[in-house]
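All values below come from the heavy atoms of this structure, side chains included, with hydrogens, waters and symmetry mates left out. Both counts, for ligands and for their atoms, begin at 1 and track the order of listing.
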Amino acid sequence: MSASASPVSTGSPGIPHLDVDPFAMNFFADPYPTHEVLREAGPVVYLDKWNVYGVARYAEVHAVLNDPATFCSSRGVGLSDFKKETPWRPPSLILEADPPAHTRTRAVLSKVLSPTVMKQVRDRFTAAAEERVDALIDKRSFDAVADLAEAYPLSIFPDALGLKPEGREHLIPYASVVFNAFGPPNQLRQEAIERSAPHQAYVAEQCQRENLAPGGFGACIHAHVDEGAITATEAPLLVRSLLSAGLDTTVNGIGAAIYCLARFPDQWQRLRDDLSLARGAFEEAVRFESPVQTFFRTTTREVELSGATIGEGEKVLMFLAAANRDPRRWDKPDSYDITRRTSGHVGFGSGIHMCVGQLVARLEGEVMLTALAKRIAKIEITGEPKRRFNNTLRGLDSLPVTITPA
Ligand code: 4IA
């Protein structure tokens with residue numbers, strides 16, 4: 001599929017059918033021309049390759065996210081419809097749930113990852129960021145993915161959760177399976193699931209109450225059992241949500257920010273001149289790169305969306321990344337501008353399912369970008385960036401850089 005693919009109208013009247021595969025390697029390599037095709041074809045499109053509806057404009061993505069009764073999550077937020085197929089793992093009690101079940105589990109994770117808790121971990125996260133930057137300044141040349149975007153979250157998040165030291169090498173591979181599994185049954189998904197058994201076994205074991213250190217996010221989740229908010233059976237699955245969604249996302253979020261700031265030196269200079277822009281620089285990177293590219297919903301009834309009629313039980317693919325660069329919503333959508341008013345971007349989703357861990361993500365991003373900008377004058381890309389291919393996550397496998405200390 002390329003930018004030149006033109007929409008052809010067949011079947012359902014008024015809805016353009018496209019033959020794009022948004023889960024193919026050539027799409028991942030450069031999704032932007034196809035995002036434009038998807039947005040310009042119409043407010044709602046149909047993707048013949050996977051038999052799903054698609055929305056790529058900001059208004060429709062936002063509308064779908066904010067009507068969870070019509071566009072439900074309990075039938076899965078990947079291509080697979082849980083009403084028709086057995087999920088590859090027991091469904092998430094928060095991501096793959098609808099109200100009222102979702103409301104109760106969401107409240108628990110919301111408390112566990114609250115502003116008060118962020119205040120408690122902030123100093124530790126900051127010290128670890130400064131330590132990491134010191135080590136990178138000693139190296140001068142390094143891989144900004146392995147040595148920074150991965151190394152930093154790995155140095156704080158598993159500890160914050162209360163995980164034991166052994167077996168942490170399973171965390172990123174497990175998350176990679178989770179995000180590949182949202183996609184269609186292509187090679188990425190099938191191979192990931194085939195190889196997932198050791199990662200799943202590790203995660204299941206770490207979610208048990210006795211394996212989580214006191215005071216950590218994991219123990220805090222289990223403490224809500226004693227209050228009666230959740231059952232002892234539910235608690236390990238909610239810990240699993242943090243293991244699934246809390247690490248690879250911030251790896252790719254921080255990776256996105258470094259990749260942006262390395263490519264756009266004028267923005268790096270603005271950040272260095274005003275460190276209070278660190279939070280905005282991270283948020284704009286989440287909009288600009290959209291580490292979580294896509295998600296599905298399933299219709300619970302026949303619905304009309306911007307003039308298109310969608311029947312019951314249909315999968316709708318939301319292109320978060322395309323919405324985040326929709327020229328109908330954003331000025332100069334393709335420029336990375338750390339002073340942009342980013343509020344309303346859908347990189348963290350929107351509505352009742354909007355990222356419950358967003359405060360953790362923003363804290364990590366802010367303290368890392370601040371630590372970098374304080375001590376580094378220049379970041380230069382010194383080798384070919386290599387892309388990492390995943391059905392849902394957008395990010396790099398490696399980014400060779402050389403830094404100049406301030
Ligand atoms: C879960 C959307 C993504 C960040 C996510 C992945 C997994 C889970 C939640 C969110 O397992 O609950």
Side-chain angles (χ1 to χ4, degrees), residues 61 64-65 68 71-80 82 87-98 101-110 112-113 153 157 161 170-183 189 192-193 196 199-200 202-204 206-207 217-218 221 230 233-256 286 289-298 316-321 323-324 345-362 364-365 390-395:
V61 168
V64 169
L65 285 168
F71 302 97
C72 81
S73 291
S74 58
R75 289 169 74 167
V77 299
L79 176 65
S80 173
F82 293 177
W88 71 280
R89 60 169 193 169
S92 163
L93 299 181
I94 180 162
L95 179 73
E96 294 153 336
D98 295 322
H102 166 267
T103 314
R104 189 169 49 82
T105 52
R106 167 95 188 184
V108 169
L109 289 192
S110 224
V112 170
L113 305 172
F157 188 70
L161 248 149
H170 288 287
L171 289 168
I172 289 180
Y174 178 74
S176 161
V177 180
V178 169
F179 286 95
N180 272 320
F182 293 128
R189 182 179 200 265
I193 293 174
S196 68
H199 312 314
Q200 288 204 68
Y202 163 79
V203 164
Q206 305 324 305
C207 291
F217 300 155
I221 291 173
I230 48 170
T233 329
E234 291 173 319
L237 271 180
L238 287 176
V239 177
R240 194 194 68 178
S241 285
L242 299 200
L243 292 175
S244 302
L247 189 66
D248 216 359
T249 48
T250 59
V251 165
N252 286 290
I254 293 168
V286 174
E289 286 291 334
S290 299
V292 175
Q293 290 269 297
T294 50
F295 258 103
F296 293 85
R297 292 293 190 253
T298 313
V316 180
L317 178 55
M318 302 176 289
F319 289 88
L320 306 180
N324 277 339
H345 80 76
V346 291
F348 287 117
S350 177
I352 66 166
H353 286 279
M354 190 175 176
C355 182
V356 76
Q358 57 185 284
L359 299 183
V360 187
R362 293 196 181 111
E364 289 183 27
N390 183 282
N391 278 331
T392 304
L393 290 174
R394 176 170 179 82

Taking atom 11 (O) of ligand 1 as the reference point, the nearest protein heavy atom with its distance = Arg89 NH2, 2.9 Å
Atom of Pro153, atom of Val251 and distance for their closest heavy-atom approach = CG-CG2, 4.0 Å
Measure Ile94 to ligand 1 on non-hydrogen atoms and call it side chain, backbone, both or neither using the 4.0 Å cut-off.
-> side chain
Heavy atoms only: which of Cys355, Ala361, Ser241, Ala175 is nearest to atom 1 (C) of ligand 1?
-> Ser241
Which of the atoms of ligand 1 are close to Phe295, meaning less than 4.0 Å from one of its heavy atoms?
-> 2 (C)
Determine whether the side chains of Gln200 and Ser196 contain a donor N or O and an acceptor N or O closer than 3.5 Å.
-> yes
For Arg189 and Ser80, does a side-chain donor sit closer than 3.5 Å to a side-chain acceptor?
-> no
Please work out which of the three classes, parallel, tilted or perpendicular, describes the rings of Phe217 and Phe157, given edges at 30° and 60°.
-> tilted
Please write down residue, atom name and distance for the protein heavy atom closest to atom 8 (C) of ligand 1.
-> Leu95 CD2, 3.7 Å
Find out whether Phe179 and Thr249 are in side-chain contact, i.e. whether some heavy atom of one side chain is under 4.5 Å from a heavy atom of the other.
-> yes
With Leu237, the side-chain contact (heavy atoms from CB on, under 4.5 Å) member among Ile230, Leu93, Ile94, Thr105 = Leu93
Quick note on ligand 1: atoms under 4.0 Å from a heavy atom of Ser244 include exactly 7 (C), 11 (O)
Numbered atoms and elements of ligand 1 in range of Ser92, under 4.0 angstrom, heavy atoms | 1 (C), 11 (O), 12 (O)
Phe179 heavy atoms, cut-off 4.0 Å: which ligand 1 atoms fall inside?
-> 3 (C), 4 (C), 6 (C)
So is His353 in contact with ligand 1, going by heavy-atom distances below 4.0 Å?
-> no
Under 3.5 Å, is there a donor-acceptor pair between the Glu364 and Thr250 side chains?
-> yes
Atom 5 (C) of ligand 1: closest protein heavy atom, distance to 0.1 Å, is Ala245 CB, 3.5 Å
